[in-house]
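First comes the structure, then the notes that go with it.
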Number of protein chains: 2
Amino acid sequence: MLAAVLQVRAGSLQVMLWERAREPHAHRWSLPGGGLGDDEDVEASIRRQLAEKVDVRQLSHVEQLAVFSNPARVPGPRVVATAFLGLVPSHIDPLVPSDTAWHPVDALPATAFDHEAICRRARSRLASKLSYTNLGFALAPPEFTISALRSLYSAALGYKVSATNLQRVLSRRGLLEPTGGTVQPGPSGGRPAALFRFVSGEMRITDPFAVLRPPSARSLGP
Amino acid sequence: MLAAVLQVRAGSLQVMLWERAREPHAHRWSLPGGGLGDDEDVEASIRRQLAEKVDVRQLSHVEQLAVFSNPARVPGPRVVATAFLGLVPSHIDPLVPSDTAWHPVDALPATAFDHEAICRRARSRLASKLSYTNLGFALAPPEFTISALRSLYSAALGYKVSATNLQRVLSRRGLLEPTGGTVQPGPSGGRPAALFRFVSGEMRITDPFAVLRPPSARSLGP
DNA sequence: CAGGTTTTCGCCTAACGGTCGAAAACGTGG
DNA sequence: CCACGTTTTCGACCGTTAGGCGAAAACCTG
């Protein structure tokens, strides 16, 4: 039971790690996690484990990633880890214990065990799902401007995206909705930016390729 | 450690199940699987378990599906199951033990535990991946006609697909290649069908939405 | 009010998928 | 051996989508 909790912080995608005090792998950085209790499923368990590090109500999304089970992944007796991906919206700054800190995913410190591989999997899962789902809602605050959303996507994906296209694509899929409000421009001026929200907090997938879908089941309405 | 092994047989997507002889859930149908050994990872383990049912060399694809961990999913002490999706190409008819048989996924017999839910997950994963990867290679024989491929896709997806479109889409993505050979028409006549193959046996994904991809990283060639 | 900045919007083009119908290439029956 | 049915293949057309660009809108400062 391990979780890579990701958040866009200061313009880069970061992961929550804690520094191990004891062997094995003392002073290396490790993903939060722990053992499975008798009366809980893995989802409940990872939420319980994460509660020791952050307020779990701040987690906007949690999903299974994969099972890591190499017999040599940790020294000593074999430990099978079910890895999770967790997301925190960018407007929140969770209070974390003193042994815990955020690290940019493309500049990780020395990590324990196979946790770097798990982080890579989490990044890649997030990047994929940003493209064909509305998972962006889990990274973004309730309301945001298009340029703010653009920087979130850029940070999470690792490359620049076009604000024009981002807005058009998400709108056409029916995922984005204007709130009506606007935001005051910065000290350097500029047109006030309009505020948007994601239309629902549930996960919705836009079927990647309609390829061979029956005409009735097309992705969206007008 | 459980696997839903799927194959298109007689025009429908079917799953390999074995009939339980003993309690609990005697006479109900169950997915093959078993416990994890000390010196193997979960992939190796599920292949070892499946070897008791089929020749594992006939498995064209195996991947992790999800962890099923509801404390009440099986009676008695809690069992956490890592579920897998396995695929067998349609030209093979594996020899299976006498307690084992294939069942159409949309007409399952009485199943044991939560195995029906696992089958549903396997179906849905297969359907998704057929749309945005070249996973079709794992369902199809080495060479096939477009209409044969069309019926494979139709069976696996659960709805009719267009042969014209299937060929164009797969070709455009660079996944399909003509072998040059043709097939004799049936007794009722018709133009001889050309033979095709998938260009490589490895898994390749066609990125769903280029949405915000840098121009360089576009999906395909010329 | 002129110049700079940021956001928004419309237009153009290329690519993709859905559909249709014609043409190709075979068999069969008269 | 020729007309007909059958099956596959291919080209054409159309609507939708995404990428890119540039103009216009709306604000700031000096």
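Residue numbering restarts at 1 for every chain, and letters A, B, ... go by the order of the sequence lines. These numbers come from a predicted model, not from an experiment.
Atom pair A:Arg172:CZ and C:dG17:P shows a separation of 15 Å (rounding to whole Å applied). For B:Leu170 and C:dG17, the CG to C1' distance is 12 Å, given to the nearest whole Å. One interatomic measurement links the two molecules: CD1 of A:Ile146 to C1' of C:dT6, which rounds to 14 Å at whole-angstrom precision. To the nearest angstrom, P of C:dT19 lies 17 Å from CD of B:Gln167. Whole-Å rounding puts the B:Asn165 CG to C:dC20 P distance at 12 Å. Per the geometry, CZ belonging to A:Phe196 stands 12 Å off P belonging to C:dT7, to the nearest Å. Regarding A:Leu166, its CG atom lies at a distance of 14 Å from the C1' atom of C:dT8, rounded to whole Å. Between the P atom of C:dG17 and the OH atom of B:Tyr132 lies a distance of 16 Å, rounded to the nearest Å.
Ranked by how close their nearest DNA chain D nucleotide is to the 5' end, B:Ala163 and B:Arg168 are led by B:Ala163.
For A:Ala194, taking side-chain heavy atoms from C-beta onward, the closest of the listed nucleotides C:dT8, D:dT9, C:dT19 is C:dT8. Of the candidates C:dT8, C:dT7, D:dA18, the closest approach to any side-chain atom of A:Val169 belongs to D:dA18.
A search for side chain to side chain donor-acceptor pair (under 3.5 Å) contacts involving B:Asp106 returns nothing, not counting sequence neighbours. With sequence neighbours excluded, the residues that form a side chain to side chain donor-acceptor pair (under 3.5 Å) with B:Arg48 are B:Glu40. Scanning for salt bridge (Lys or Arg N to Asp or Glu O under 4.0 Å) contacts around B:Glu43 gives an empty result, with sequence neighbours left out.
With salt bridges taken as basic N to acidic carboxylate O contacts below 4.0 Å, one links A:Lys53 and A:Asp99.
Residues B:Phe144 and B:Phe198 bring their aromatic ring centres within 6.0 Å.
Annotation: side-chain hydrogen bond (donor to acceptor under 3.5 Å, both in side chains) contacts involving residues 141-151 of chain B, sequence neighbours excluded, comprise B:Thr145-B:Ser147. Pairs of residues two or more places apart, or lying in two chains, never qualify as ring pair (Phe, Tyr, Trp, His ring centres under 6.0 Å) while including a residue from residues 164-186 of chain A.
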Report, as a single string ordered 5' to 3', how protein heavy atoms within less than 4.0 Å touch nucleotides 22-30 of chain D: B base, S sugar-phosphate only, - not at all. ---BBBSS-

